[in-house]
There are 2 protein chains.
Amino acid sequence: MLDERKRRILRAIIDDYIDTAEPIGSRTIARKHELGLSSATIRNEMADLEEMGYLAQPHTSAGRVPSDKGYRLYVDHLMKVNELSLEDIEGIKRAMEVKINELSQLIRQASVIMSRITKYTSMATTPQLKKSTFKAVQVVPIETGKALVIVVTNAGLVRNTLVKVPERITPDFLIQISNVLNDKLKGLTLNQVNSTIIGEIELEISVSTEVLIPILHGIAECISQVDSVDVFLDGTTNILNYPEFRDVVKAREFLSFLDERELISKLLQSEEHKQDEIEIKIGSENHLEGIKDCSLVTATYSVGDVIIGSIGVIGPTRMEYPRVISSMNHIRKIINQELKKILGDNTE
Amino acid sequence: MLDERKRRILRAIIDDYIDTAEPIGSRTIARKHELGLSSATIRNEMADLEEMGYLAQPHTSAGRVPSDKGYRLYVDHLMKVNELSLEDIEGIKRAMEVKINELSQLIRQASVIMSRITKYTSMATTPQLKKSTFKAVQVVPIETGKALVIVVTNAGLVRNTLVKVPERITPDFLIQISNVLNDKLKGLTLNQVNSTIIGEIELEISVSTEVLIPILHGIAECISQVDSVDVFLDGTTNILNYPEFRDVVKAREFLSFLDERELISKLLQSEEHKQDEIEIKIGSENHLEGIKDCSLVTATYSVGDVIIGSIGVIGPTRMEYPRVISSMNHIRKIINQELKKILGDNTE
DNA sequence: TGTTAGCACTCTATACGATTGAGTGCTAAT
DNA sequence: ATTAGCACTCAATCGTATAGAGTGCTAACA
């Protein structure tokens, strides 16, 4: 498709452009890279590359700029992904050493690190509750007429809601209810809670629906809590350091996008994402208007072989892909490693 | 100190400046406001006001701009705070009607509303745990070797941590521990947990420290959780709509400031804040460098007569103070009202 | 036939000067 | 005390000239 020389030249251009954010001219390439070619030859090749759609020209007398298609080729075949520097690895290790024993905190911390070492914006989601199963359900009496419903999922996520219960219910009875609920629900996926099960529970503790209803509501609330999927964002202002966002209009567009957690969480839960693979979406490959000039690098983390969440880095299409990718690879490993520690070896 | 006419003129200038963000000239004032004065007279008065420090001039041939001192006078004595429009009141009411039964959600929602109706950035904090007392402490067995420690404070805040416990501990025994803990700690303030109390607890359940330690750690973790004070931010990008932040450097300064949750939480927990009063800090009155061109309007909410958290709006010094203040007043009332509902009437 | 030197051409960015217009301060008249 | 009038100031705007980076094309070369 593209002969070796063209590929070399394209890579040189993109490498340079990632570095400088300035359109790259033929002379620059001839001088900086040892290709043994004159600027005129390179000029011809660049014209070809443009015709093929890998490069674009802001205006006739400017240098060339990579197109999304160009970046795609670069990412798939041209770039050299080097190992993370020892320094960075050390830094990550140190940052993750902070004793973490809850999932959300682990992910939050990972997100912080990613934004710090990449200098872009990072985003992460905790598991979708709906895909999880109940590990424990507890009803804890707080004071007369009030109880706390707690749901713990197999992915280690904890959610709780305060509910009101009829005043005449004694704490002891609540605990009894709690035990039955726990027995009945444990192991089920969250959306398996249906009327059959509820019937069984009612039967078992022979309690009027009146009592059970607020509690079940609490559970439902835990499950469908608006932000049941936490979205963490870090380094949101990093983007303002890049020249392509010097324009306030661009900057606002980007930042407004980040404000919509729903969108982000959708973005991160891309359907086609394969386990253990890093996914890269370049510019217009993101079908969302607000980030058509951004690239997104995402990875997932899993329990067993079920993907339960993901972490991503978003920045200008002119992104240091090699760096981001190697960092992402590293952090993904660490997350999965720590995840095992948190959940213990006895994860079903 | 300032005669009536000067005050009238100053108010007119500030009103106009808040509206337009453009330096105000003498002719504008003479034309738009019915003061029965010529531009020349106003010009003289403006020169006086500038000398007194209420106004400033960007350059010799420009109009006048209010100084921080000018805004201060305006806020304290000149502006007219009108009632919130029925429309707005209706809007707020509708937005808060969403069934809310946990404190954090209430505050979060209030913050969202404030940013929406003021068009500035809003910030809010949930109660400081340290000032609170224990309402309930529970240890819930999750699976062998693991338990969830839950702390509920009198202010309705719930925190939890997963802890490891020796595997030989049975769930029943954990529950027993839980009960003792609950009895012993209930009503204490969070930093009253000391070795005496721990001794008592050990005595009562005659358990080796080995078991108790992870649990107490869990409680400590709940108490000192890094972000035990949640900080909610909304409308962070609103600021980009105002001309004073058209410059990316300014915008970044502001947004970077917002990234530091610690600073914000300190900012909101201003020492001198009186209950039931709205506090206004104008420009350089905020001693923090990053927001010296911003004004901050804050209110607190309380349980009984203890301030447990606050909510604030931050925007350019050229802020629509009257609107912000009346909105703030309204939302504060609603928060305190809802707070009572959540905590029930039996709040000690 | 592929490569390169050379050159005319294009187009942006920058600098510079002139012009405009809003606004001021001062003076003199009311 | 107020105001009309006027000279003056200064940022913003516009047009023009200029410099410089980069291109495409042609013709010569290996």
Side-chain angles (χ1 to χ4, degrees), chain A residues 2-10 12-17 19-67 70 243-244 246-248, chain B residues 2-10 12-17 19-67 70 243-244 246-247 250:
Chain A
L2 229 53
D3 63 40
E4 182 58 22
R5 194 170 75 180
K6 280 202 172 53
R7 296 163 61 123
R8 277 245 182 86
I9 292 176
L10 183 56
I13 293 173
I14 298 187
D15 278 338
D16 268 31
Y17 185 71
D19 229 49
T20 63
E22 299 287 328
I24 308 296
S26 53
R27 267 201 65 192
T28 317
I29 296 299
R31 249 185 303 124
K32 279 216 251 176
H33 302 259
E34 317 257 305
L35 297 171
L37 293 171
S38 77
S39 66
T41 312
I42 293 176
R43 213 141 53 229
N44 287 329
E45 296 288 45
M46 281 166 95
D48 289 353
L49 286 167
E50 180 174 358
E51 203 172 348
M52 297 187 226
Y54 295 110
L55 294 177
Q57 218 173 0
H59 55 85
T60 14
S61 74
R64 298 311 205 290
V65 158
S67 67
E244 34 270 88
R246 233 181 317 143
D247 179 18
V248 181
Chain B
L2 231 53
D3 63 39
E4 181 60 21
R5 194 170 74 180
K6 281 200 172 54
R7 296 163 61 123
R8 277 245 182 88
I9 292 175
L10 183 56
I13 293 171
I14 299 187
D15 278 340
D16 267 33
Y17 186 71
D19 229 50
T20 63
E22 299 286 328
I24 308 295
S26 53
R27 268 200 66 191
T28 318
I29 297 298
R31 248 185 304 122
K32 277 217 251 176
H33 302 258
E34 317 258 306
L35 297 172
L37 294 171
S38 77
S39 67
T41 312
I42 292 175
R43 213 140 53 227
N44 288 328
E45 295 288 44
M46 282 165 94
D48 289 353
L49 286 168
E50 180 174 357
E51 203 172 346
M52 296 188 228
Y54 295 109
L55 293 177
Q57 218 173 0
H59 55 86
T60 12
S61 73
R64 298 309 204 292
V65 159
S67 67
E244 35 270 87
R246 231 180 319 142
D247 179 18
K250 290 257 177 195

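Convention: sequence-line order gives letters A, B, ...; per-chain numbering from 1.
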Where do N or O atoms of nucleotides 16-21 of chain D meet protein N or O atoms at under 3.5 Å, pair by pair?
none

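- Annotation: side chain of A:Ile9 is in contact with side chain of A:Ile13 (closest heavy-atom distance under 4.5 Å).
- Here C:dT24 presents its C1' atom at 14 Å from CG of B:Asp48, a figure rounded to the nearest Å.
- When the P atom of C:dA22 is taken as reference, atom CD1 of B:Ile29 falls 16 Å away, rounded to whole Å.
- Put simply, the side chain of A:Leu49 reaches to within 4.5 Å of the side chain of A:Leu2, judged on heavy atoms.
- Regarding B:Leu55, its CG atom lies at a distance of 16 Å from the C1' atom of C:dG25, rounded to whole Å.
- Straight-line distance from the CE atom of A:Met46 to the P atom of D:dC25: 15 Å, rounded to whole Å.
- Contact between the side-chain N/O atoms of B:Ser26 and the OP1/OP2 oxygens of C:dT24 is found at a separation under 4.0 Å.
- Comparing C:dT12, D:dA11, C:dG25 by their closest approach to the side chain of A:His59 singles out C:dT12.
- For A:Glu244 against A:Ala21, the heavy-atom pair with the smallest separation is OE1-CB, 4.3 Å.
- Each end of the helix from C:dT1-D:dA30 to C:dT30-D:dA1 gets its own axis from five base pairs, and the two axes differ in direction by 20°, given to 10 degrees.
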Just list the side-chain donor-acceptor pairs under 3.5 Å for residues 25-35 of chain B, sequence neighbours left out, or say none.
residue: B:Ser26; atom: OG; partner: B:Arg43; partner atom: NH1; Å: 3.3
residue: B:Lys32; atom: NZ; partner: B:Asp16; partner atom: OD2; Å: 3.4
residue: B:His33; atom: NE2; partner: B:Asp16; partner atom: OD1; Å: 3.0

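- Per the geometry, CD1 belonging to B:Ile24 stands 9 Å off P belonging to C:dG23, to the nearest Å.
- Between the NZ atom of A:Lys32 and the C1' atom of D:dG22 there is a distance of 16 Å, rounded to whole Å.
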All N/O pairs under 3.5 Å across the protein-nucleotides 1-8 of chain D interface:
residue: D:dT2; atom: OP1; partner: B:Arg5; partner atom: NH1; Å: 2.7
residue: D:dT2; atom: OP2; partner: B:Arg5; partner atom: NH1; Å: 3.3
residue: D:dT2; atom: OP2; partner: B:Arg5; partner atom: NH2; Å: 3.1
residue: D:dT3; atom: OP2; partner: B:Ser38; partner atom: N; Å: 3.1
residue: D:dT3; atom: OP2; partner: B:Ser38; partner atom: OG; Å: 3.4
residue: D:dT3; atom: OP2; partner: B:Thr41; partner atom: OG1; Å: 2.4
residue: D:dT3; atom: O5'; partner: B:Ser38; partner atom: OG; Å: 3.4
residue: D:dG5; atom: O6; partner: B:Arg43; partner atom: NH2; Å: 3.1

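- Among all heavy-atom pairs drawn from B:Pro58 and B:Pro23, the shortest one is CG-CG, 4.1 Å.
- Separating the CD atom of B:Glu22 from the C1' atom of C:dG21 is a distance of 14 Å, rounded to the nearest angstrom.
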Set out, line by line, the N/O atom pairs under 3.5 Å between protein and nucleotides 28-30 of chain D.
none

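- For residues 44-57 of chain B, the set of pairs meeting the salt bridge (Lys or Arg N to Asp or Glu O under 4.0 Å) definition, not counting sequence neighbours, comprises B:Arg5-B:Glu45, B:Lys6-B:Glu45, B:Lys6-B:Asp48, B:Glu50-B:Arg64.
- Side chain of B:Arg64, nearest nucleotide from C:dG25, D:dT9, D:dT23: C:dG25.
- In this structure the side chain of A:Ile14 never reaches within 4.5 angstrom of the side chain of A:Ile24, judged on heavy atoms.
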